[in-house]
Amino acid sequence: MLLAEVAATSDAVSATRSRLAKRAAIADLLRRAATGEPTETDQATTIEIVVAYIAGALRQRRTGLGWASLRDLPPPATEPTLTVRDVDAAFAEMAALEGPGSAQARSAAATGLFGAATEREQAFLRGLVAGELRQGALDSVVVDAVAEAAGVPADAVRRAVMMRGATGPVASAALLADDPLAALAEFTLEVGRPVRPMLAQSAPDIGAAFEKLGSPDAPTELCVDVKLDGIRIQAHRLGDDIRVVTRSLDDITERVPEIVEVVRALPSDRLVLDGEALAIGQDGVPRPFQETAARSATREATPEAELASQLQLSPFFFDVLHAGGRDLVDAPLRERLAVLDEVAAPHTVRRLVTSDPDAAAEFFAGALREGQEGVVVKSLDTPYAAGRRGAGWVKVKPRQTLDLVVLAVERGSGRRQGWLSNIHLGARDPDGGFVMLGKTFKGMTDEMLEWQTERFRELQVEDNGWVVTVRPEQVVEIAFDGLQRSTRYPGGLALRFARVLRYRDDKSAAEADTIETVRTLAGF
DNA sequence: TTCCGACAGTGGGGTCGCAAT
DNA sequence: ATTGCGACCCCACTATCGGAA
């Protein structure tokens, strides 16, 4: 199959806002991809590549190519000749390059590939490399399209994808099998093969979380887990063979020997566990997320690094998908927790099971006093809905706010093209001026974007084509999750997950919060 | 007919590893 | 040694479509 056909489908997908029409266009592409290659193997490969590309991704996890390396492209070809397998082979080659001179070799390979692409194909490839296709369809829509093309229920495909941890192999199986449903049914949980993790929704407070999960009439018993501020881990154990992966199913086994040891010492030798890993201080208090992130991102535990850091990650498990030969994905949480306590104690997350929102609120407050991030409220009746932001789990975190001053605005892109979008935030310095603490584009409605575009044009003092600097007069109320150390900003600290609550026209910049207030909040 | 669940989009800060400078 | 880029860890929020109620 030609790359041009995939690009043409991408155009059709972009051109409509209807998800059903997007799905139909992709299903049609997949049907065509499922025929026309010489061998069954080529056929399967082609489907896998097309599934990746039309979902806006390359098959290679890392190519070393990024936005910056595509600034200067060779002149485009006039006729489309590239097949999707040519393109995949080219990226595979680039991904395999390493060592001195690799950047040049990669650049040469990219020039070769892009030089063989037409103008339209170049744009499509650039979108794939940068992960910015913006056609209104990602993996979920493609999964639905696979179902349509194979003539099977979407749930059957979705479930197979969650078990396989990837869409490509599931799509080729469904599209090439004589009996697609039977082929999909063969994708079952396999110990050692990562599964897409179940995600949580969020709620502003415990009461809202209970409302989402409980029955409106009678009190409902719910599980309240402490939410830890670390990295998500999924641990697989098959005898002495242990594997640890992250939320995106990246294998980090080599980086976390201490977690491997914990799992190895558990009483069951066939396990799939879901949990969180983080660094805990000598005092038992969780270390800041930045330290956990640094520890888990360090690839080789060199002896010096080991000595220097002394920082160990501790795993805390909150779910179990398989134990001792028994699959638990479809079992209700209540049952899974009973098994979890048998196989993972004491390395489990602390929890409370209650139907009383007040008791849950007290538990939440206690978790915060311990230095934890918050809680996750869970229905005890739901199965493990992998890979979807299912309604079964709801997280609750505290929210802090500050009144800050807008120092500059950046032009928006994509659907925010034409609007001033991303605002720079400053705290007042009592000695004069403002100290920048970060930026945010979150929490803005279209109406606010419209308003702020006009407002900041009024306050404009400079426009360099990307950033519009403004007179520091507009106060904005910002919500955020916490403060972290920063080397980027002059105050040495930055806001974590800042978002706009509202613009405050009742306050002048002279009444905005000061950098001292922020420092006191941060405690450093 | 209205409501709401699921999805895509729009980017945020920090960290490491790696190649080039 | 420093710098710039790529990849990936954490993520919040709004707009929209289309099926459920």
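Every chain is numbered from 1, with letters handed out A, B, ... down the list of sequences.
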*Can Arg428(A) and Thr514(A) be counted as having a side-chain donor-acceptor contact under 3.5 angstrom?*
no
*Between Leu20(A) and Thr63(A), which is nearer to the 5' end of DNA chain C once each is assigned its nearest nucleotide?*
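Per heavy-atom nearest nucleotide, the more 5' residue is Thr63(A).
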*Quick one: on DNA chain C, does Arg17(A) or Ser69(A) contact a more 5' nucleotide (nearest heavy atom)?*
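This one resolves to Ser69(A).
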*Please answer whether the main-chain N or O of Leu313(A) pairs with a side-chain N or O of Glu258(A) as donor and acceptor at a distance below 3.5 Å.*
yes
_Could you check whether any side-chain N or O of Thr246(A) sits under 3.5 Å from a backbone N or O of Asp250(A), counting only pairs where one atom can act as donor and the other as acceptor?_
yes
_Among residues at least two apart in sequence or on other chains, which ones pass salt bridge (Lys or Arg N to Asp or Glu O under 4.0 Å) with Arg164(A)?_
none
*Mind checking the CG-CZ spacing from Asp155(A) to Arg158(A)? Nearest 0.5 Å is all I need.*
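Between atom CG of Asp155(A) and atom CZ of Arg158(A) there are 5.0 Å.
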At under 4.0 Å between heavy atoms, what does [X] touch on the DNA or RNA strands: base, sugar-phosphate, or nothing?
X         : value
Arg62(A)  : sugar-phosphate
Arg71(A)  : sugar-phosphate
Thr292(A) : nothing
Lys397(A) : sugar-phosphate

*What is the 5' to 3' range of DNA chain C, first to last nucleotide, that sits under 4.0 Å from any heavy atom of chain A?*
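The protein-touched segment is dC5(C) to dG19(C).
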*Go through residues 407-415 of chain A and report each residue with a non-hydrogen atom lying under 4.0 Å from DNA chain B, sorted by number.*
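Contacts with DNA chain B under 4.0 Å: Glu410(A), Gly412(A), Ser413(A), Gly414(A), Arg415(A).
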Can you check whether [X] has a side-chain N or O nearer than 4.0 Å to OP1 or OP2 of [N]?
X         : N       : value
Ser421(A) : dG11(B) : yes
Gln135(A) : dG9(B)  : no
Asn422(A) : dG12(B) : yes
Gln484(A) : dG14(B) : no

_Among residues 487-504 of chain A, which ones have heavy-atom contacts with DNA chain C below 4.0 Å?_
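Residues of residues 487-504 of chain A that come under 4.0 Å of DNA chain C are, in numerical order, Arg496(A), Phe497(A), Arg499(A).
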*Is dC7(B) paired to anything, Watson-Crick or G-U wobble with both distances less than 3.5 Å, and if yes, which nucleotide?*
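Matched dC7(B) with nothing under the 3.5 Å cut-off.
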*Looking at Phe289(A), is Arg496(A) sitting on its ring face, NZ or CZ under 6.0 Å from the six-membered ring centre and within 45 degrees of the normal?*
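Geometry flag: set, cation within 6.0 Å and 45°.
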*Can you sort out the partners of Gln104(A) under side-chain hydrogen bond (donor to acceptor under 3.5 Å, both in side chains), two or more places apart, ordered by chain and number?*
none
Whole angstrom is fine here: how far is it from [atom1] in [X] over to [atom2] in [N]?
X         : N       : atom1 : atom2 : value
Asp250(A) : dC16(B) : CG    : C1'   : 13 Å
Ile231(A) : dC16(B) : CD1   : P     : 13 Å
Gln452(A) : dG11(B) : CD    : C1'   : 13 Å
Gln104(A) : dA20(B) : CD    : P     : 6 Å

*Could you list the residues that satisfy side chain to side chain contact (heavy atoms under 4.5 Å, CB included) with Ala479(A), not counting sequence neighbours?*
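By the side chain to side chain contact (heavy atoms under 4.5 Å, CB included) rule, Ala479(A) matches Arg399(A), Thr401(A), Arg499(A), Leu501(A).
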*Candidate nucleotides dA20(B), dG9(B), dA6(B), ranked by approach to the side chain of Gln201(A) - the nearest*: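 Per side-chain heavy atoms of Gln201(A), the pick is dA6(B).
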*Shortest side-chain distance from Ala297(A), nucleotide among dC16(B), dG12(B), dA19(B)*: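 So the nucleotide nearest the side chain must be dC16(B).
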